[in-house]
2 protein chains.
Amino acid sequence: MTGEARPTRGPLLRDVAERAGVATGTVSNVLHNPGKVAPATLARVEAAIAELGYVPNAAARQLSRGRSGAIGLLVLDARNPFFNDLAAGVEEAAGQLDLAVLLATSSERSDRERLYLDRFEQSRVDGILVTPVGGSSKQLKAIRDRGTPIVLLDRLASTPGFISVAVDDVEGGRLAGQHLIDAGCRHVAFVGGPVSLEQVRNRLAGARRAVDAAGVALAHLPTSRMSADEGQRVGREIAAMPAGERPDGVFAANDLLALAVLQALLLAGVRVPDDVAVIGYDDISFAALAAVPLSSVRQPSYQMGRRAMELLAAVMQDGEGGQGTSRQVVFMPELAARASTLRRRAG
Amino acid sequence: MTGEARPTRGPLLRDVAERAGVATGTVSNVLHNPGKVAPATLARVEAAIAELGYVPNAAARQLSRGRSGAIGLLVLDARNPFFNDLAAGVEEAAGQLDLAVLLATSSERSDRERLYLDRFEQSRVDGILVTPVGGSSKQLKAIRDRGTPIVLLDRLASTPGFISVAVDDVEGGRLAGQHLIDAGCRHVAFVGGPVSLEQVRNRLAGARRAVDAAGVALAHLPTSRMSADEGQRVGREIAAMPAGERPDGVFAANDLLALAVLQALLLAGVRVPDDVAVIGYDDISFAALAAVPLSSVRQPSYQMGRRAMELLAAVMQDGEGGQGTSRQVVFMPELAARASTLRRRAG
DNA sequence: GCATCCCACTGAACCGCTTCACAAGCATTC
DNA sequence: GAATGCTTGTGAAGCGGTTCAGTGGGATGC
């Protein structure tokens, strides 16, 4: 090693200590246990920190402490207000617990999901909250077994052995299907996909249940993503169908799809709800503002976020990833009936 | 130190090395320069990694490398689709550069802004992208002077000496104001706040310019935040005004406000655009879907995000925070005229 | 047959902070 | 006045990686 001056980045804790005439441990205490330091010393150290413009290095801190003080939150779609609200709930609860939130988006792609889960684990987050794309449950299990607590979001039954917070999507789907039937629909179409998403499967299953019971036909119009552009595509397709084949009721797997379908129908001159009734899922705030206010199935997104974070915190407390714990918190969905479905013998 | 078995977290790089019968440096190379390792060795090490379930420790890595490989992105409001789109643009560009994005929300509060900027700096992010709340420019300057490159988002003229990417909000405000005048409005109200936000000041200034030139009255109805609930409140107030005092044109500082104002007006039986024309700002995707499709001033949010990230990367490349560089990238806003303003002698 | 060069690999030093056993100073207590 | 207990401070030993000067040995050159 040459004696040359390395382009060291900034002042170190050690520099602060030297300047204040104390040991490094004392500076560390000033930073984290000011109560244990005599007032005069405290003042001297704080002055030194200010004068030098000292900024602690989080990586070094984390390395020696062993904990990161952060949790990872992985959602399906950062541009869907439902997940924004959910994330807001998580952040609120995390803030109260003095935890930072690392937010990432899988965009419904399992390769990105894998990538971000890896990053989270490498960052040694204290816990992970994830809306799984599906198909990565081995990775989730492995991470949990290595000691990182995980809480599944927006996931029900499957993947046993995991703690989860979700809405009963089968019931939600049933509510939507039943509502369309009550509105007089005889040909219902379910718009949504990919079916690798559990949410989609469950909502479809619930709708099918209601529809079957009523002896009504159900078609599945698949989408490759739960996004507005896919909704638009399907909406145009529906509008283009000959009146005989066209469904008279559409249940879209989320509001992004539903709003886009709604718009495409209106643009094509199809009347909503008279020709086609439309209902969505999530009840995002924009649903009520739509050209024809959109009926939807409400999920308590913010609450779910809060609750999930609280559960995660609980597992983080009593150690070891909570392998045993298999706990499901299930919220109940609510129907929000609006103009997009209200017509003949409206129930 | 007792000889007790510490509850060590997981296998270390050193354990992998031992198991594969190589030195730690070699394992490190397998991880980051696989080309420099002989195939047989590579295979052995990779096997050891898999068998042990080794997960690298990001903190340790960062500490010894000195770089974090991440940038910080601080936005005003995570629930505003405009910022979601912008963030998507940033993430896209960052991904291509192999940079992770730390996303945080100030919620338009300068205390949170300070907090997250501190965190970013402590995490030694390689750069920061920020939509400033206002009033924290000393902190920004300090951070930049200590060597972390910063690019300001959605900020124009002020804070010289900074690189920024923004839309010309004064022009945007002028467009909106002129459009209302063209629509025949004689009493224009500007809804938005707080004025500590530069965006608000500029949009108001632009509107005032257009309105003054036309000899039309302009009232400012302030809000404490740029959120839907504030919009609803003001919307109700407008609806409650006696017809004589009520503005006949409303320019809201963003679409969240505008959509809420629109809804409140409609609910109160005020006709849009006949009684009151409404125009927003940002042109979020939901604007076009509204009950009365909302006119708006479009900002190329995604593009701005991309561009900002690219600029930041450029500064990160040629070192030292880019103190000298004062570069402003200005996008031009576009008017998106829709039903909410289209009436009498519509321009 | 010897000097040279590469290649693959080694391992100790270092990144910047926290921790914790220990010590010093000073009051109290009996 | 020695024993006891607090309060305040000390500083070396990690935390788990990366780096890079160096080592050994086979291939190449002449």
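Because the structure is a prediction, the values reported are computed rather than measured.
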Next on the checklist: Heavy atoms only, 4.0 Å cut-off, all strands: where does B:G25 land among base, sugar-phosphate and nothing?
Outcome noted: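 Result for B:G25 = base.
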Could I get the full list of salt bridge (Lys or Arg N to Asp or Glu O under 4.0 Å) partners for [X], not counting sequence neighbours?
X	result
A:D15	none
B:R307	B:E310
B:R124	none
B:R67	B:D126

Next on the checklist: Contact list please: residues 29-40 of chain A against DNA chain D, heavy atoms, distance less than 4.0 Å, in numerical order.
Outcome noted: A:V37, A:A38
State whether [X] places a side-chain N or O below 4.0 Å from either non-bridging phosphate oxygen (OP1 or OP2) of [N].
X	N	result
B:R61	D:dT18	yes
B:S28	D:dT18	yes
B:T26	C:dT10	yes

Item to check | Criterion side-chain contact (heavy atoms from CB on, under 4.5 Å) against A:L117, the qualifying member of A:I128, A:I150, A:T148 | outcome: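 Per the side-chain contact (heavy atoms from CB on, under 4.5 Å) rule, the option paired with A:L117 is A:I128, out of A:I128, A:I150, A:T148.
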Checklist entry - Could you state the CZ-C1' distance from B:R124 to C:dG16, rounded to the nearest angstrom? => result 9 Å
Item to check | Atom-pair distance (CG on B:L63; C1' on C:dA13), nearest Å | outcome: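 These atoms are roughly 13 Å apart.
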Next on the checklist: Once salt bridge (charged side-chain N to carboxylate O under 4.0 Å, His left out) is applied, what residue pairs with a partner in residues 93-118 of chain B remain, sequence neighbours excluded?
Outcome noted: B:E108-B:R225, B:R109-B:D111
Checklist entry - Side-chain donor-acceptor pair under 3.5 Å between B:S68 and B:Q62, yes or no? => result no
When the side chains of residues 17-26 of chain A are checked against the rest of the protein, which donor-acceptor pairs come out under 3.5 Å, sequence neighbours left out?
unit_1: A:R19; atom_1: NE; unit_2: A:E51; atom_2: OE1; d: 2.7
unit_1: A:R19; atom_1: NH2; unit_2: A:E51; atom_2: OE1; d: 2.7

Next on the checklist: I need the residues from residues 49-57 of chain A with at least one non-hydrogen atom less than 4.0 Å from DNA chain C; give them sorted by number, or say none.
Outcome noted: A:Y54, A:P56, A:N57
Checklist entry - Under the side-chain hydrogen bond (donor to acceptor under 3.5 Å, both in side chains) rule, what pairs show up with a residue in residues 29-46 of chain A, not counting sequence neighbours? => result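 Listed by first then second residue: A:H32-A:R61.
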Checklist entry - Of A:T24 and A:S64, whose closest DNA chain D nucleotide lies nearer the 5' terminus? => result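 Closer to the 5' end of DNA chain D: A:T24.
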Checklist entry - Among the nucleotides D:dA12, D:dG16, C:dG16, which one has an atom lying closest to any side-chain atom of B:A60? => result D:dG16
